[in-house]
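In each ligand, atom 1 is the first atom listed, and ligand 1 is the first ligand listed.
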Amino acid sequence: MADKLIIFDTTLRDGEQSPGASMTKDEKIRIAKQLERLRVDVIEAGFAAASPGDFESIKAIAGIIKESTVCSLSRANDRDIARAAEALAPAARKRIHTFIATSPLHMEKKLRMSPEQVLEQAKQAVRFARNFTDDVEFSPEDGSRSDIDFLCRVLETVINEGATTINFADTVGYGVPELYGNMLKTLRERIPNSDKAVWSVHCHNDLGMAVANSLAGIMIGGARQIECTINGLGERAGNTSLEEVVMAVKTRKDYFRLDVGIDTTQIVPASKLVSQITGFAVQPNKAVVGANAFAHASGIHQDGVLKARDTYEIMRAEDVGWTANKIVLGKLSGRNAFKQRLEELGIELESETEVNAAFARFKELADRKAEIFDEDIIALVADEQHSHDNEHYRFVSLRQHSETGERPTAKVVFTMGGKELACEGQGNGPVDATVNAIESEAKSGSELLLFSVNAITTGTQSQGEVTMRLSKAGRIVNGVGADPDIVVASAKAYLSALNKLHSKVDKLNPQL
Ligand code: KIV
Ligand code: ZN
């Protein structure tokens, strides 16, 4: 029987550390549910001690997720570990992941600690964490730039204290596959108790080698856990991307000879959800989840695929969750058909009131758009959920005028704290005029960092999905809005971002 490869997803922790990718509790819960549908083995839900918002999100996820293990990161100190344990208390399966830097550079310049102090702190941390759970992971931060003799001493010590997973971190993406894999192999060979722990890889993508390094860590180093994120989201150039390692191991099982428990048909829905929530678009030529990943433009390729699909396709689009744009519902579809489609798409709404609200929006949309696709339903429900997130501002209506040679104007009606306001603005373009109109009343004083528009489906009748990223006093938030009219979608996205800025629960910055 092939060994199992444990898939540890850290989209909600390391992924969230991408500047601009911070998520609200509700958004994290939606992603966690999708990760469970994807059947990831471990969900790193956050860093409990980082902020009250992170703590609450982990606690909520721990109470909801039943199949996957829920994990919290913590520095190697009692306060962080106790906070992680408290947040994880409701979990059916829980893991505490504690870390401390072991490279000379980090110990001297960042921690200002001697190697002996680091060794002692790592030992005490794992010992303390074992009071709360038998499932304790230890990471030597900047492991790949650490002295191998020192690393052997630290890792042998923490395994003796009961660490059950050792995560060899390539924190700054410095590794190259052969060297990284061999260093891990040496560690496992030299550490006498190495067989008492599962070995894990955690690679960053600064040189574009995170996936290659992770796979070398498996094949050369003998790792049996991979840490990764959806769409490769993560600090700087990101982390190892889940979809790429999973599909590599599955497609080349002849070589890797490992089993993964992932339901691959949930990969594309997970990718879309994460992209939609964070506002980080997926590049079209991204492996597996990019819009062009299965598109054949050249005549020779098209001809080949029509004759025998495997001439140019090594994976099947439907196996990773791509579905053809299907018209699923229309103006005459009833509530039951709508509800059934929600179920088929794996969308869970919490109450009948929410189903009714989503159905009302669906009817509104169907009046304006003849063909409703799955993507429309997903966007519509997301839009509905965004507007429920701390709803201080709500879009009501918009009237906009633009004509060649004239400065565009917009009149927007929205509610602020329940009070309806009508405002007007001018701008360089219709979206600028709309935002200026809203700002004339909201006076948020925020800075717009990103404005992006995406067609949800094909054709000019497609809904536009707009992301607006705002920053204010060190906080960065994303707002998303969808509508067949992209100016309306922009107004909704702007108001959704203002709602998030208005909410006090989120942390200032995902990084500590
Ligand atoms: O990159 C890193 O070193 C980390 C650790 C906390 C595992 O994210
Ligand atoms: Zn990391």
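- In this pair, His502 and His392 present their aromatic rings parallel. The plane angle is below 30°, not in the 30 to 60° band.
- Looking at ligand 1, you won't find any N or O of Glu141 less than 3.5 Å from one of its N or O atoms.
- Its N, O or S atom nearest to the Zn ion (ligand 2) is what matters here, and for Asp14 that atom is OD2.
- Taking every non-hydrogen atom of Ala169 and a distance limit under 4.0 Å, the qualifying atoms of ligand 1 come out as 3 (O).
- Although no hydrogens or angles enter the test, the distance criterion places no donor-acceptor pair under 3.5 Å between the side chain of Asp142 and the main chain of Ser146.
- Ligand 1 does not have Glu235 within reach: every non-hydrogen atom of the residue lies 4.0 Å or more from it.
- The distance from ligand 1 to the heavy atoms of Asn167 drops below 4.0 Å at these ligand atoms: 7 (C).
- For ligand 1, the polar-atom distance check against Arg13 finds a nitrogen or oxygen pair separated by under 3.5 Å.
- The contact set between ligand 1 and Asp14, taken as ligand atoms under 4.0 Å from a residue heavy atom, comprises 8 (O).
- Looking only at distances, a side-chain donor or acceptor of Glu243 sits under 3.5 Å from a matching main-chain atom of Asn231.
- Cation-pi geometry between Arg83 and Phe55 is met: under 6.0 angstrom from the ring centre, within 45 degrees of the axis.
- Arg112 has no carboxylate O lying under 4.0 Å from a charged side-chain N of Glu108, or vice versa, which leaves the two without a salt bridge.
- The distance between the ring centers of Tyr180 and Phe168 falls below 6.0 angstrom.
- Looking at atom 4 (C) of ligand 1, its nearest protein heavy atom turns out to be His202 NE2, 3.4 Å.
- Considering only non-hydrogen atoms, atom 1 (O) of ligand 1 lies nearest to His204 out of His204, Gln17, Glu227, His106.
- The only option from Cys203, Ser241, Cys228, Pro177 that meets the side-chain contact (heavy atoms from CB on, under 4.5 Å) definition with Ser214 turns out to be Cys203.
- Distance from atom 7 (C) of ligand 1 to its nearest protein heavy atom, with residue and atom name: Ser139 OG, 3.6 Å.
- The shortest N/O to N/O separation between Thr171 and ligand 1 falls below 3.5 Å.
- Under a 3.5 Å cut-off, the side chain of Glu120 and the backbone N or O of Pro115 do not form any donor-acceptor pair.
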